[in-house]
Amino acid sequence: MYSRIISVKDLMSRGYHFWVPCYQRAYTWSEDNCEVLFNDMTQLVEQLQNHHEINASHFLGSIVVQKEGSNLQVIDGQQRLVTLYLFYKAFVDIAEQREVNERALAGEVSSKILGKEPPFSLSVDDNHNLVELCKGKEPDSLLTQNYNYFYSVLDETEDLMLTELYKITQHLELVELVIEPENGDDPQLIFESLNAKGEPLTNWDKIRNLALMNIPVNDLERCYQDYWINIDHCAQKGSWVGHPMADDPDSLIFYYLEVKLSKEVDGDHIYNEFKQYCLSYQGTKEEMLNDILGYAKLYEQISSYNYNPEHVNDLTPQLQTEINQTLRNLLFVRNFSWDWFWEWIPFGMQCMKLHGENKLSAKELLDILKLLDSYLVRCWFYFMNKKWFNELFSCLYKAVDSEKSDRSLLDRVKLILNAKEGDMPMGDMPFDDNIVEAVSTYDLYYPRQKLHRPMLMYVLARLEESFEDQDKRFDIYQALIDNTYSIEHVMPQTLNDDWRNELGSDDADNVHSLWLNRIANMTLLPSSDNISLSNESFAVKCSASNGYKNSALKLNRDIAQQNDHWNENALKTRNKVLLNKVLELWPYPVVQSDR
């Protein structure tokens with residue numbers, strides 16, 4: 001690598017074509033950036049006018065380029081170069097309207113700097129907009145906005161100042177760093193170092209640049225279009241299920257690395273983790289991009305709960321519907337629960353990939369996804385916020401790759417999740433007795449665990465869906481996403497005289513203390529109705545126009561239709577009904593005995 005100081009005027013008039021690789025981010029400079037640049041220029045003009053000479057050059061920053069024949073590949077400096085070109089374009093358009101001297105100057109700038117066509121190859125949209133701008137059109141873009149800024153401020157300058165503005169561009173200087181990969185220069189390291197000091201790139205920007213950098217020029221555009229555009233599309237669509245420690249949409253890369261490395265990945269330093277993976281990758285960049293794209297498609301299918309693999313022949317419409325419903329359920333578990341419940345996603349991607357390769361049946365895939373749902377919900381009921389979840393799921397990742405076992409993958413997953421001791425991490429899945437205890441005695445409304453209450457809303461939603469006929473179901477899941485429903489205590493949190501009589505005045509406080517926050521006393525209501533019904537009597541809660549009898553939810557209609565009073569007997573009866581349904585929805589798996 002070598003460097004040299006060069007004036008803006010000389011840089012732009014050398015006749016090189018500036019090629020910005022397709023993977024770099026688009027033009028982003030704002031009018032504020034242009035104003036700073038123009039103010040620097042006018043300060044030099046004032047110095048020239050006051051002293052009749054310029055004492056020193058003005059440093060604008062640096063650009064990093066790599067020679068490719070008659071092209072200069074711009075590694076860093078795109079924003080600055082394009083903005084300077086917009087300045088010269090506006091300068092010519094203003095000067096052509098002035099006196100003879102200025103018009104002659106416009107011709108010189110136009111021939112030496114602007115050329116017949118813009119000397120840039122930018123991103124597809126930016127390239128189109130710049131060409132249109134040079135044809136006298138005004139496409140809706142930052143390029144147009146910044147050109148109009150320069151045109152406006154130059155239009156207000158006097159003729160003499162126009163001439164002097166052109167003169168001082170000889171004193172606006174850049175450091176041009178020319179990298180030479182053939183001599184061991186690493187474009188990515190140089191790029192990272194320079195961008196650490198400028199406008200920060202997102203993790204996703206840096207991941208994209210790293211994934212595409214050093215691909216041969218002749219293949220770069222094809223790889224960008226065939227792979228990265230599709231990867232980015234899938235990642236953006238799936239970003240709402242992103243990992244809590246990672247910036248979206250780079251959660252996709254987080255999950256990808258969890259699968260490929262079969263170990264815990266540091267989500268706070270996802271770019272560095274990906275960089276190390278790239279350095280150790282044995283194949284070509286195109287092979288890696290193709291592999292990432294395969295997982296990206298699975299990630300999108302998970303996020304939209306629309307599993308639709310190619311080249312499989314055992315996915316019946318019924319199985320596909322059930323798989324998509326289970327993916328939806330697991331996504332709600334992920335987004336309505338503790339942070340560590342995201343761990344199922346990489347493992348789910350692995351299993352979906354196996355089915356797509358015809359190495360796992362559709363029925364086995366469905367059973368594994370349902371098993372994960374049962375495991376996570378049972379852990380939630382029993383307050384098992386496990387610190388060893390990463391280790392547990394790493395063991396599941398490895399189970400996918402195990403070819404020595406004579407057990408099916410489903411049985412291996414059951415064994416890992418059920419493990420109580422021994423060599424495997426303790427999945428320690430709660431037994432039915434544990435769930436009976438949790439449903440019947442636990443305070444599920446005020447536990448210490450983070451985000452516990454939203455998960456309770458999910459459980460109530462699943463119960464509602466299971467009780468209602470499919471053709472009559474209200475879309476309670478969308479209501480939860482829209483945050484329009486909330487948890488309703490049938491017996492209110494504060495007792496009044498009506499409720500003391502309802503419970504039995506002699507034992508009201510004891511019943512209230514025991515049953516208030518158990519699931520038998522809870523349901524879901526529109527938040528506005530929840531507020532208006534609040535401490536009303538049981539009779540009013542049932543009969544009001546917005547009450548239980550007229551509710552869109554069968555959970556609430558059943559409370560009104562099956563109970564004349566809400567007392568301990570009613571609570572015990574509902575507890576039994578809900579408990580049986582919980583055990584049915586989230587069953588404990590049966591592991592086949594050793595063969």
Testing the basics here: between [X] and [Y], what is the closest heavy-atom pair and its distance to 0.1 Å?
X      : Y      : value
Leu524 : Met457 : CD1-O, 3.8 Å
Ile231 : Ala296 : CA-CB, 4.3 Å
Val74  : Pro21  : O-CD, 3.4 Å
Tyr458 : Val377 : CE2-CG2, 4.1 Å
Gly356 : Val312 : CA-CG1, 3.9 Å
Leu315 : Pro309 : CD2-CD, 3.5 Å

Does any N or O in the side chain of [X] come within less than 3.5 Å of the main-chain N or O of [Y], such that one atom is a donor and the other an acceptor?
X      : Y      : result
Gln236 : Cys234 : no
Asn230 : Asp226 : yes
Ser251 : Phe254 : no
Thr144 : Pro139 : yes
Arg80  : Leu60  : yes
Glu300 : Ala235 : no
Lys285 : Leu210 : yes
Gln276 : Glu273 : no
Asn127 : Leu122 : yes
Gln79  : Thr28  : yes

What I'd like to find out is whether the side chain of [X] reaches to under 4.5 Å of the side chain of [Y], using heavy atoms alone.
X      : Y      : result
Gln320 : Asn308 : yes
Lys353 : Lys359 : no
Trp204 : Ile253 : yes
Leu371 : Leu417 : yes
Cys278 : Met288 : yes
Val20  : Ser121 : no
Leu583 : Val439 : no
Phe381 : Val582 : yes

Just jot down the ring-ring contact (aromatic ring centres under 6.0 Å, His included) partners of [X], sequence neighbours excluded, or say none.
X      : answer
Tyr16  : none
Tyr85  : Phe120
Tyr256 : Tyr277, Tyr295

Just checking, is any N or O donor in the side chain of [X] or [Y] under 3.5 Å from an acceptor N or O on the other one?
X      : Y      : value
Asn146 : Trp29  : no
Thr321 : Gln318 : no
Asn358 : His311 : no
Asp266 : His269 : yes
Thr83  : Tyr27  : yes
Asn203 : Tyr271 : no

task: Dump the intermediate steps for side chain to side chain contact (heavy atoms under 4.5 Å, CB included) on Glu31 and Gln145, then the final yes or no.
output: CA-CA 7 Å; Glu31 186 176 307; Gln145 293 176 29; 5.8 Å; no
message: Once rounded to the nearest 0.5 Å, what's the spacing between atom OG of Ser486 and atom CG of Leu480?
response: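 One finds 10.0 Å between OG of Ser486 and CG of Leu480.
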Derivation and outcome, side chain to side chain contact (heavy atoms under 4.5 Å, CB included), residues Trp380 and Val459: CA-CA 10 Å; Trp380 171 82; Val459 169; 3.6 Å; yes
query: How would you list all residue pairs meeting salt bridge (Lys or Arg N to Asp or Glu O under 4.0 Å) that involve residues 316-330, not counting sequence neighbours?
result: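 Non-adjacent pairs meeting salt bridge (Lys or Arg N to Asp or Glu O under 4.0 Å): Glu322-Lys370, Arg328-Glu465.
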message: Assess the residue pair Asn324 and Tyr307 against the criterion (side-chain hydrogen bond (donor to acceptor under 3.5 Å, both in side chains)); give the C-alpha distance rounded to whole Å, side-chain angles, the decisive distance to 0.1 Å, and a yes or no.
response: CA-CA 6 Å; Asn324 287 334; Tyr307 182 55; over 6 Å; no
- prompt: Step by step, would you call Tyr305 with Asn329 a side-chain hydrogen bond (donor to acceptor under 3.5 Å, both in side chains)?
  reply: CA-CA 9 Å; Tyr305 28 95; Asn329 295 339; over 6 Å; no
message: Can you confirm whether or not the ring centre of Tyr255 sits under 6.0 Å from the ring centre of Phe347?
response: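 Tyr255 vs Phe347: aromatic centres not under 6.0 Å.
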query: Do Tyr588 and Phe431 have ring centres separated by under 6.0 Å?
result: yes
Pairing residues for [X] by the salt bridge (Lys or Arg N to Asp or Glu O under 4.0 Å) criterion, not counting sequence neighbours:
X      : result
Glu176 : Arg4, Arg14
Asp232 : none
Asp432 : Arg378
Asp126 : none

message: Before you tell me yes or no, could you show the steps for Phe332 and Arg462 under side chain to side chain contact (heavy atoms under 4.5 Å, CB included), namely the whole-Å CA-CA distance, both residues' side-chain angles and the distance that decides it to 0.1 Å?
response: CA-CA 10 Å; Phe332 272 82; Arg462 284 289 306 278; over 6 Å; no
Going by the rule side-chain hydrogen bond (donor to acceptor under 3.5 Å, both in side chains), which residues pair with [X] if we only count those two or more places apart in sequence or in a different chain?
X      : answer
Thr326 : none
Gln478 : Asp482
Trp228 : none
Lys260 : Asp291

query: Salt bridge or not for Arg473 and Glu464, using N-O below 4.0 Å?
result: no
- prompt: Salt bridge check: are Lys581 and Glu584 linked by an N-O gap of less than 4.0 Å?
  reply: yes
From CA spacing to verdict: side chain to side chain contact (heavy atoms under 4.5 Å, CB included), Leu330, Gln325: CA-CA 9 Å; Leu330 283 165; Gln325 288 175 341; over 6 Å; no
